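In what follows, a single structure is set out as structure tokens and then discussed.
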Amino acid sequence: MARILLAAFVALLLVVGPCHARPAPQHAAKSAAKGKAVVDGITAIYNFGDSLSDTGNLLREGATGMLQYTTGPPYGFAIGGATGRCSDGYLMIDFLAKDLGLPLLNPFLDKGADFTHGVNFAVAGATALDAAALARKGVSVPHTNSSLAVQLQQFKDFMNAHTRSPQETREKLARSLVMVGEIGGNDYNYAFSANRPAGDGERNLYNFGRMAAGVVEATALVPDVVRSVTSAARELLDMGATRLVIPGNFPLGCVPSYMSAVDEKDPAAYDGNGCLAALNLFAQMHNVLLQQGIRELRLSYPGATIAYADYFYAYVRMLRDAGETGFDEAALTKACCGAGAVAYNFDMDCMCGAPGTSVCARPDERISWDGVHLTQRAYRVMTDLLYHKGFASPAPVEFPRA
């Protein structure tokens, strides 16, 4: 138990955090999937979330924090330059838009952008719970106050400004796909940070006590985080949304940053996929509660399609099929961009973009881009698994058969 608590605390300190970037090159920001018909009646996407789907909101808020050196290359190098996306290129939300025959989603804070086909409200570093709620639990939010509630209010303000009545909003949403997350990982991250080890992080009894307290406090947040996500979904459904996607968490024990932090030597700590079992158990606790909340939403809104996007098992399938899909099977838990231990190429104090880091020769053969976020290639594979191979269920969109 002590080993599990220690591993969970240290690794979850690295839950998805913010990534910052310079304004997008014009050709990248305005590129669209051209020549495709609209799919299954979807004419717009509205997206809420964090760094897994932020396409430029945090950089417009004003990026702060220890990752500011990631404001330029090599982020975005596969699409012509840094755009605010935390990857070498496009994200799942980008590939989904392209597959639907829609333009890439512009960030809400890009006030001169075209929002005809949807808006992206996601902000890197965002939390599911608002800053005040976390503060009452002794947790501070260092990077952005654009919680899920703030993003939802921005959506309401946008709809009020672009429709003439609640009925027109309902009609617009009836032709839209609404993505509620992934969000919530940063809530756990900030809870752990409040109890991080003192001094130089020596593994003594005092620091173990702090870390154990962090695990307990983060675990206690899970019901509130899930409730925040499902409450936001309920408000969107009440406004007229008919097709929602609510993603779960990634298998945290398979992510290089977490694995590097724990650096566990005991083979018994790993599952059959080579991932840290204790961390995956924490992620699944969140996912199980979230799926229960989704089942309750389906009972309340039987006319809506409310899909659970299973990021956990889609990621596991990507690992298992890595050789078949062109990934380097010898580097599945190694960041493409970074520095540090040979096994993971990750160092929290020298992350991708910092002096002394380097980029692998073939990013398309790697799953992890910077130890926390995925490569463009991995996001493409995840998109296919989720929306073309059944890992988002029930299917939120019926794509034409090939």
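The structure displayed is predicted, hence computed values, not measured ones. Side chains included, hydrogens not; waters and symmetry mates left out as well; all remaining heavy atoms used.
Checked for salt-bridge contact, D99 and R380 meet the test: a charged N lies under 4.0 Å from a carboxylate O. At a threshold of 4.0 Å, the pair D40-R243 counts as salt-bridged, since one of the basic side-chain nitrogens sits closer than that to a carboxylate oxygen. By the 4.0 Å N-to-carboxylate-O rule, D54 lies too far from R85 to be salt-bridged with it. Under a 4.0 Å N-O distance rule, the pair R377/E365 does not qualify as a salt bridge. Ion pairing between K334 and D328 fails under the 4.0 Å rule for side-chain N and carboxylate O.
Taking all atoms of both residues into account, the shortest heavy-atom contact from L332 to A322 is CD2-CB, 3.5 Å. In this structure, G118 and Y46 approach most closely via the heavy-atom pair CA-CE2, 3.9 Å. The shortest heavy-atom contact between A78 and G89 is CB-CA, 4.3 Å. In terms of heavy atoms, M382 sits closest to Y311 at CE-O, 3.8 Å. In this structure, L91 and Y379 approach most closely via the heavy-atom pair CD2-CE1, 3.7 Å.
Summarising the geometry, atom CG belonging to L129 is positioned 5.0 Å from atom CG belonging to L134; distances are rounded to the nearest 0.5 Å.
Using a 4.5 Å cut-off on side-chain heavy atoms (C-beta onward), L173 and M159 make contact. Taking 4.5 Å as the limit, some side-chain heavy atom of Q284 sits within range of a side-chain heavy atom of Y313. Taking the side chain as every heavy atom from C-beta outward, F155 and M239 approach each other to under 4.5 Å. Looking at heavy atoms from C-beta onward, F115 lies out of side-chain contact with P103 at the 4.5 angstrom threshold.
Screening residues 257-292 for disulfide bond (SG atoms under 2.5 Å apart), with sequence neighbours left out, gives C254-C275. Listed by first and then second residue, the side-chain hydrogen bond (donor to acceptor under 3.5 Å, both in side chains) pairs that reach into residues 117-128 are N47-N120, T55-N120, sequence neighbours excluded.
Around the CZ atom of R362, the shell of radius 6.0 Å holds no more than 12 heavy atoms that belong to other residues, nucleotides or ligands.
Y387 and F399 have their aromatic ring centers separated by at least 6.0 angstrom. Aromatic pair H162/F158: centroids less than 6.0 angstrom apart.
Side chains of E296 and T230: a donor-acceptor N/O pair is absent below 3.5 angstrom, by distance only.
Cysteines C337 and C352: SG-SG separation is under 2.5 Å.
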